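Below you'll find the structure, written out as structure tokens, and then a few comments.
Just follow the structure's listing: the first ligand is 1, and inside any ligand the first atom is 1. Since the model is a prediction, treat every value here as computed from it, not as a measurement.
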Amino acid sequence: MNVEAGGLLNLTQIKKHWCVANWKMHKTPQESVEFLEILFRSTPQFAHCQMVICPQNLLCPLVAEKTRGTFVLWGAQNCCTKSFGAYTGENSPRLLKSLGAKTVLLGHSERRILFNETDDLIAQKVEICTHIGLIPILCVGETWQEHCLKQGRDIVARQIQEGLKLVKKNNTLDSLVIAYEPVWAIGSGKIPSLNVIEEIHQFIKELLSSLFGNMKHISILYGGSVKVENAKLLGSSQLIDGFLIGGASLDVQSFLKIAKILEDCK
Ligand code: PGA
């Protein structure tokens, strides 16, 4: 496949500890530029923490231009299962790659719940991304009801096994980021106890190594109400490689503080 911007990229070329801003459907071009200008002015080059911005689609070219050649990477919040063609309204992973995207969020709970994305569809998106050289950030996590029924592990196991089934079959997985995001923690201000998060992260680690052997280029992030106030507790864990941040990533100062805390913890 002819992909214009760069070849495959793996986590040996970028850092293991990620601080990912999921801007969701927020920010105008002007707000995005202001955010990035402050970020560049205030951030020293981090040795451990990789900052990644995931803007909404229409902001991608602008964020691509402003971050080119800097220490900040960017990714999309979703993409199509096909690289190009007659898919009106879709978001081409080939175009994202050619604009300089490094990563794509896939299977975010808002996509699963509000837009009916299935494990099968997500598996196809993971496959096209790895084929094109975009690192998938596969989001997994249980709802509150599933949590109460103690089904967290089963749900996460299913979402990972199903989401990765095509890359496993075709042996195309080079680098992977998993974001464990309990649905009930997203935007709620509540997080599970550190113990619970660590148990699930350990479980994910073991599951991935049983599926792929000891794949080196894996990061396992936590997401769901990450804030300045809880970043140290979470970032100090050996089992948490970084964060996927929604609400707190919209404010540049709080995003910066969280990234700095992660940097200091690793
Ligand atoms: P939150 O969102 O940090 O606002 O909880 C996280 C996410 O949806 O990825």
Side-chain angles (χ1 to χ4, degrees), residues 17-27 31-32 35 39 49-57 59-60 63 72-79 91 101-117 122 125-126 129 135-144 146-147 152 155-156 159-160 163 176-194 196-197 200-201 204 219-235 237 240-262:
H17 302 292
W18 286 34
C19 204
V20 183
N22 176 9
W23 281 356
K24 306 194 180 186
M25 207 173 71
H26 293 287
K27 294 208 183 287
E31 288 162 356
S32 310
F35 181 108
L39 193 69
C49 167
Q50 179 62 64
M51 288 186 183
V52 183
I53 306 285
C54 297
Q56 51 182 321
N57 290 342
L59 292 173
C60 286
V63 171
V72 176
L73 303 180
W74 69 274
Q77 297 175 10
N78 183 27
C79 71
N91 190 25
K102 294 290 181 287
T103 184
V104 183
L105 298 178
L106 295 175
H108 189 281
S109 64
E110 285 151 20
R111 302 290 323 162
R112 292 179 191 264
I113 295 167
L114 303 174
F115 300 96
N116 302 317
E117 290 205 3
I122 295 160
K125 294 182 178 191
V126 170
C129 283
I135 299 173
I137 301 181
L138 177 62
C139 304
V140 298
E142 78 287 357
T143 62
W144 176 249
E146 291 158 348
H147 173 77
I155 299 295
V156 164
Q159 290 173 336
I160 291 179
L176 173 69
V177 178
I178 298 278
Y180 170 57
E181 297 203 301
V183 179
W184 53 276
I186 294 175
S188 67
K190 293 190 209 112
I191 62 167
S193 69
L194 184 60
V196 169
I197 299 174
I200 293 266
H201 277 229
I204 293 173
S219 290
I220 305 175
L221 314 182
Y222 170 77
S225 294
V226 174
K227 308 263 179 255
V228 175
E229 295 73 24
N230 55 28
K232 186 155 182 217
L233 172 79
L234 297 166
S237 168
I240 298 176
D241 295 323
F243 306 129
L244 176 55
I245 313 161
S249 76
L250 294 174
D251 175 63
V252 64
Q253 295 304 342
S254 81
F255 181 64
L256 259 169
K257 279 187 195 148
I258 295 170
K260 171 90 176 56
I261 292 169
L262 185 67

Start with the C-alpha gap between I137 and V104, add the side-chain angles, then the distance that decides, and say whether side chain to side chain contact (heavy atoms under 4.5 Å, CB included) holds.
-> CA-CA 6 Å; I137 301 181; V104 183; over 6 Å; no
Side chain to side chain contact (heavy atoms under 4.5 Å, CB included) evaluation trace for W18 with I135 = CA-CA 12 Å; W18 286 34; I135 299 173; 4.3 Å; yes
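At a cut-off of 3.5 Å, with distance as the only test, no side-chain donor of W23 or Q77 sits close to an acceptor on the other residue. For the residue pair Y180/Q159, the side-chain donor-acceptor check at 3.5 Å is not satisfied.
Taking a 6.0 Å sphere around NZ of K27, one finds it holds more than 12 heavy atoms contributed by other residues, nucleotides or ligands.
Pocket lining of ligand 1, defined as residues with a non-hydrogen atom under 4.0 Å away: N22, K24, H108, E181, A185, I186, G187, G224, S225, L244, I245, G246, G247.
Between F255 and F35, the two ring planes are tilted [angle within 30° to 60°].
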